[in-house]
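Notes follow once the structure below has been shown.
A note on names: the letters A, B, ... follow the listed sequences, proteins ahead of strands, and every chain is numbered from 1. Heavy-atom basis, side chains included; hydrogens, waters and symmetry copies ignored.
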2 protein chains.
Amino acid sequence: MVILNVDLASEIPIYQQLRDQIVEAIADGVLTKGSSLPATRTLAADFGINFHTVNKAYDLLRQQGLIQLNRKTGAVVTSTVADPPLPAEWTARARTLLAEAVARGLPADEVLKTCRSVLDSFGTTPPEDTP
Amino acid sequence: MVILNVDLASEIPIYQQLRDQIVEAIADGVLTKGSSLPATRTLAADFGINFHTVNKAYDLLRQQGLIQLNRKTGAVVTSTVADPPLPAEWTARARTLLAEAVARGLPADEVLKTCRSVLDSFGTTPPEDTP
DNA sequence: ATATTTGTTCTATAACTTATAGAACAAAGG
DNA sequence: CCTTTGTTCTATAAGTTATAGAACAAATAT
């Protein structure tokens with residue numbers, strides 16, 4: 001299973017950390033269509049957190065169409081979103097993030113280069129063996 | 001003064017909305033070095049919010065080196081950050097945001113194109129007349 | 001020197017969010 | 001039928017957000 005971790009000292013809520021890491025694992029190709037995620041109770045036990053917290057992360061991912069939740073068989077990565085336009089909310093967050101860099105004085109080209117580096121880093125992690 | 005607005009129904013905390021909008025105005029060139037921001041009490045009165053809330057937004061901006069707060073003369077946009085490397089936190093947020101797009105199935109080139117569009121949109125808003 | 005304006009600090013309350021907790025239910029596979 | 005998994009309900013506690021009042025201090029204008 002892909003390595004997830006939880007930083008209890010982080011300002012980012014735990015459920016958000018889990019969701020973020022799973023999204024990044026999908027983008028990385030580490031998790032692909034059909035990959036299973038650990039059960040909510042298992043992951044909770046692993047991290048010493050509550051399974052409701054894990055469930056909240058999974059439910060976010062389900063709402064975003066990235067995973068499917070089934071009783072007994074558990075959480076599974078879906079195929080990529082069939083019609084994946086970026087929501088307006090995504091663009092708003094991108095605008096804020098990029099504005100922060102530009103407001104700091106970085107040239108737009110350099111910001112774009114950083115984004116390209118991040119995008120290029122996806123897919124370099126070997127996918128896990130799906131059982 | 002640059003148009004700020006507050007959406008009380010938003011999930012984004014009020015102080016964060018104000019901070020985000022000011023950052024974007026700086027990136028846009030609408031606010032430049034030396035531009036004044038409204039006083040905390042003035043902005044609070046304009047929006048029917050508490051001046052402590054506005055102060056929290058201004059304090060974030062001050063911590064990020066984007067504005068300077070002076071008693072009596074108020075908040076002023078500083079020159080761009082002298083040595084503006086992007087903090088690791090910025091890159092982490094970029095990674096999460098970009099991962100969301102890629103996880104949805106968008107090709108990296110298309111995501112990059114969207115980022116470029118956003119970056120290109122900065123600076124197209126005419127700067128305000130600084131009094 | 002005083003008044004005014006602005007940010008800053010302190011204390012306090014209320015509502016909401018996050019995380020936890022327990023219990024139970026329901027679906028599904030072995 | 002048992003086990004495993006997600007789902008739902010109710011509840012509490014701690015932290016965050018926003019508000020509120022009051023006061024202080026710095027700085028400018030008069």
Original post:
Nearest of C:dA19, D:dG6, D:dT17 to any side-chain atom of B:K56?
Top reply: D:dT17
Original post:
Nearest to the side chain of A:I49 - D:dT8, C:dA19, C:dT20?
Top reply: C:dT20
Original post:
Hey, is the side chain of B:H52 pairing donor to acceptor with the base of C:dG7 inside 3.5 Å?
Top reply: no
Original post:
Would you say the side chain of B:R41 and the base of C:dG7 hold a donor-acceptor pair, judged only by whether the two atoms sit under 3.5 Å apart?
Top reply: yes
Answer with yes or no whether the hydrophobic clustering places [X] together with [Y]; edges join I, L, V, M, F, W, Y residues whose side-chain heavy atoms lie under 4.5 Å apart.
| X | Y | answer |
| --- | --- | --- |
| A:V76 | A:L4 | no |
| B:V54 | B:F47 | yes |
| A:I22 | A:I12 | no |

Taking atom [atom2] of [N] as reference, at what distance in whole Å does atom [atom1] of [X] sit?
| X | N | atom1 | atom2 | result |
| --- | --- | --- | --- | --- |
| A:L60 | D:dT7 | CG | P | 13 Å |
| B:Q17 | D:dA18 | CD | P | 8 Å |
| B:I14 | C:dC16 | CD1 | P | 13 Å |
| B:L69 | D:dT28 | CG | C1' | 17 Å |
| B:R62 | C:dT9 | CZ | C1' | 13 Å |
| B:K72 | D:dT28 | NZ | C1' | 4 Å |
| A:Q68 | D:dG6 | CD | P | 13 Å |
| B:L37 | C:dG7 | CG | P | 9 Å |

Original post:
Which part of the nucleic acid does B:F51 contact within heavy-atom distance under 4.0 Å: base, sugar-phosphate only, or nothing?
Top reply: base
Original post:
A:N70 near the nucleic acid: base, sugar-phosphate alone, or nothing, with a heavy-atom cut-off under 4.0 Å?
Top reply: sugar-phosphate
Below 4.0 angstrom from OP1 or OP2 of [N], is there any side-chain N or O of [X]?
| X | N | answer |
| --- | --- | --- |
| B:T53 | D:dT19 | yes |
| A:Y15 | C:dT18 | yes |
| A:T40 | D:dG6 | yes |

**OP:** Please determine which of B:N55, B:T78, B:L69 meets the side-chain contact (heavy atoms from CB on, under 4.5 Å) test together with B:R62.
**Re:** B:L69
Subject >> Check: A:Q21 side chain, A:N5 main-chain N or O, donor-acceptor pair, under 3.5 Å >> reply: yes
Original post:
For A:L8 and B:T42, take the nucleotide of DNA chain C holding the closest heavy atom to each; which residue's nucleotide lies nearer the 5' end?
Top reply: B:T42
Subject >> A:G48 vs A:R71, nearer the 5' end of DNA chain C by closest nucleotide >> reply: A:G48
